[in-house]
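In this chain, numbering begins with 1 at the start of the sequence shown. Reckoned from all heavy atoms, side chains included, excluding hydrogens, waters and symmetry mates.
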Amino acid sequence: SNHTPGILNPAYEFLGQNLNKSGTKTGRPILYSCSWPDYLRSAKYAVNYTMIAEHCNIWRMYDDIQDDWDSVTGIVDWVGDNQEELIAAAGPGHFNDPDMLIIGNFALSVDQAKAQFALWAVMAAPLFMGNDLRNVTDASKAILLNKDAIAVNQDALGQMGIRVANDKASGAQVWARHLAGGDIAVGLYNKGTSGKALDITVSFSDHIGLPGDATADVRNIWTGKPALLEGELAKGSFTAAKVEPHDTAFVRIHPTSKQ
């Protein structure tokens with residue numbers, strides 16, 4: 001195989017130096033996307049993601065996505081299981097790439113499409129659409145064009161979000177990303193296969209680094225409206241009620257006190 005560190009490392013470094021690090025050679029900015037770490041991973045070599053981040057802007061780190069919900073969940077699970085390695089390499093100008101969005105194709109329900117977009121936004125993943133724009137439904141367009149969700153993805157802090165809770169028995173997961181200015185974006189994801197809607201809770205102290213008695217304004221990113229009654233604050237936690245299977249409640253938490 002040509003997918004050895006001895007071949008791949010100098011090749012990708014050379015390309016990065018000539019394409020990306022020296023604008024004088026091209027005269028324009030270039031997004032340097034690498035499959036380097038996934039080639040190494042697939043060939044059973046260790047991957048140094050922080051070293052790769054010195055040379056690439058984005059990099060594929062896992063299997064190619066298919067137009068299939070199981071493919072999406074497989075990627076999400078792998079990212080969650082390997083997040084400690086991945087988060088160290090991510091930051092402004094260099095991001096992990098879990099592959100493209102399949103929203104607007106054929107396989108995903110609306111709830112599943114919301115889950116992919118929310119989780120990709122929290123992961124600080126590149127948002128490449130892998131669809132035929134002529135055939136994208138209005139429901140898919142509403143997800144892909146949601147300005148509040150895009151704002152989370154494009155947040156200036158550039159910090160990758162992580163899975164902060166994972167109840168394997170029920171399928172309830174919580175993913176959280178800290179944003180510039182102190183807000184936290186949270187995806188409350190029902191991976192469950194039992195057909196049950198779940199109440200999923202994000203704990204301020206256990207999951208997102210706020211004091212247990214902190215209060216916060218919580219906004220529903222999908223609707224752009226308060227997630228609680230108008231004027232009501234969450235204290236210590238927030239629960240998304242009746243999250244349908246494969247759906248993801250997506251909220252932006254704005255701390256109003258850090259007592």
Side-chain angles (χ1 to χ4, degrees), residues 1-23 25-26 29-103 105-108 112 115-131 153 158-164 166 168 171 173 175 177 187 189 191 193:
S1 169
N2 292 328
H3 292 166
T4 66
I7 293 173
L8 292 177
N9 292 6
Y12 275 103
E13 289 173 15
F14 176 81
L15 281 169
Q17 289 160 3
N18 285 275
L19 285 175
N20 195 22
K21 300 299 183 186
S22 53
K25 294 194 178 183
T26 62
I30 288 178
L31 179 79
Y32 183 32
S33 174
C34 304
S35 294
W36 181 7
D38 189 44
Y39 288 146
L40 291 175
R41 180 196 66 83
S42 298
K44 310 298 184 189
Y45 292 103
V47 180
N48 183 338
Y49 291 97
T50 52
M51 184 266 286
I52 286 167
E54 295 173 7
H55 301 282
C56 303
N57 297 119
I58 61 175
W59 51 87
R60 290 285 314 287
M61 68 287 186
Y62 192 59
D63 296 347
D64 291 347
I65 199 166
Q66 307 298 313
D67 190 24
D68 178 79
W69 174 243
D70 288 342
S71 177
V72 174
T73 61
I75 291 169
V76 171
D77 287 345
W78 186 88
V79 171
D81 292 343
N82 293 274
Q83 62 190 15
E84 295 305 323
E85 286 182 84
L86 299 171
I87 194 172
H94 43 97
F95 298 97
N96 296 287
D97 180 6
D99 211 359
M100 61 191 168
L101 299 166
I102 57 170
I103 300 160
N105 283 328
F106 306 101
L108 301 190
Q112 291 167 345
Q116 190 191 14
F117 203 84
L119 295 168
W120 263 234
V122 169
M123 290 178 198
L127 300 182
F128 292 118
M129 293 187 294
N131 57 31
N153 176 263
Q159 183 172 321
M160 177 184 170
I162 59 172
R163 187 179 65 196
V164 295
N166 182 21
K168 292 184 178 179
Q173 297 186 14
W175 290 71
R177 176 179 178 183
Y189 162 45
K191 185 197 171 186
T193 57

Heavy-atom pair of closest approach, residues [X] and [Y]:
X      : Y      : result
Ile65  : Met100 : CD1-O, 3.4 Å
Tyr49  : Pro37  : CE2-CB, 3.8 Å
Pro98  : Arg60  : C-NE, 4.5 Å
Val47  : Glu85  : O-OE1, 4.0 Å
Arg177 : Gly161 : CB-CA, 3.7 Å
Leu108 : Ile102 : CD1-CG1, 3.6 Å

Can you tell me how far apart [atom1] ([X]) and [atom2] ([Y]) are? Round to the nearest 0.5 Å.
X      : Y      : atom1 : atom2 : result
Ser42  : Asp63  : OG    : CG    : 6.5 Å
Leu119 : Trp175 : CG    : CH2   : 6.5 Å
Lys44  : His3   : NZ    : NE2   : 14.5 Å
Gln173 : Asn166 : CD    : CG    : 4.5 Å

For [X], salt bridge (Lys or Arg N to Asp or Glu O under 4.0 Å) partners two or more places apart:
X      : answer
Asp77  : Lys191
Asp67  : none
Arg163 : Asp81

Does any non-hydrogen side-chain atom of [Y] lie less than 4.5 Å from one of [X]?
X      : Y      : result
Tyr45  : Asn9   : no
Ile58  : Phe128 : yes
Asn131 : Ile103 : no
Trp120 : Val76  : yes
Met61  : Leu86  : yes

Could I get the full list of side chain to side chain donor-acceptor pair (under 3.5 Å) partners for [X], not counting sequence neighbours?
X     : value
Trp59 : Asn96
Asp38 : Arg41
Asp68 : none

Inset, instruction - Scan residues 68-91 for pairs that pass ring-ring contact (aromatic ring centres under 6.0 Å, His included), counting only residues two or more places apart or in two chains. - result: Tyr62-Trp78, Trp69-His246
Legend entry - Any donor-acceptor N/O pair, Asn57 side chain to Gly93 backbone, under 3.5 Å: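 Such a contact is found between Asn57 side chain and Gly93 backbone.
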Legend entry - Backbone N/O of Gly130 and side chain of Asn105: donor-acceptor pair under 3.5 Å: yes
Got a sec, which residues hit side chain to side chain contact (heavy atoms under 4.5 Å, CB included) with [X], two or more places apart in sequence or on another chain?
X      : result
Ile162 : Gln83, Ile87, Val164
Asn153 : Ala121, Leu127
Thr50  : Asn48, Ala88, Ala89
Phe14  : Asn18

Inset, instruction - Fit a plane to each ring of Trp36 and His55, take the angle between them on a 0 to 90° scale, and name the class: parallel (under 30°), tilted (30 to 60°) or perpendicular (over 60°). - result: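 Because their plane-to-plane angle lies in the 30° to 60° range, the rings of Trp36 and His55 count as tilted.
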Legend entry - Val72 and Gln112: CA distance, side-chain angles, deciding distance, side chain to side chain contact (heavy atoms under 4.5 Å, CB included) verdict: CA-CA 9 Å; Val72 174; Gln112 291 167 345; over 6 Å; no
Legend entry - OH (Tyr39) with more than 12 external heavy atoms under 6.0 Å: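 Not more than 12 within 6.0 Å, no.
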Legend entry - Set of residues satisfying ring-ring contact (aromatic ring centres under 6.0 Å, His included) with respect to Phe95, sequence neighbours excluded: none
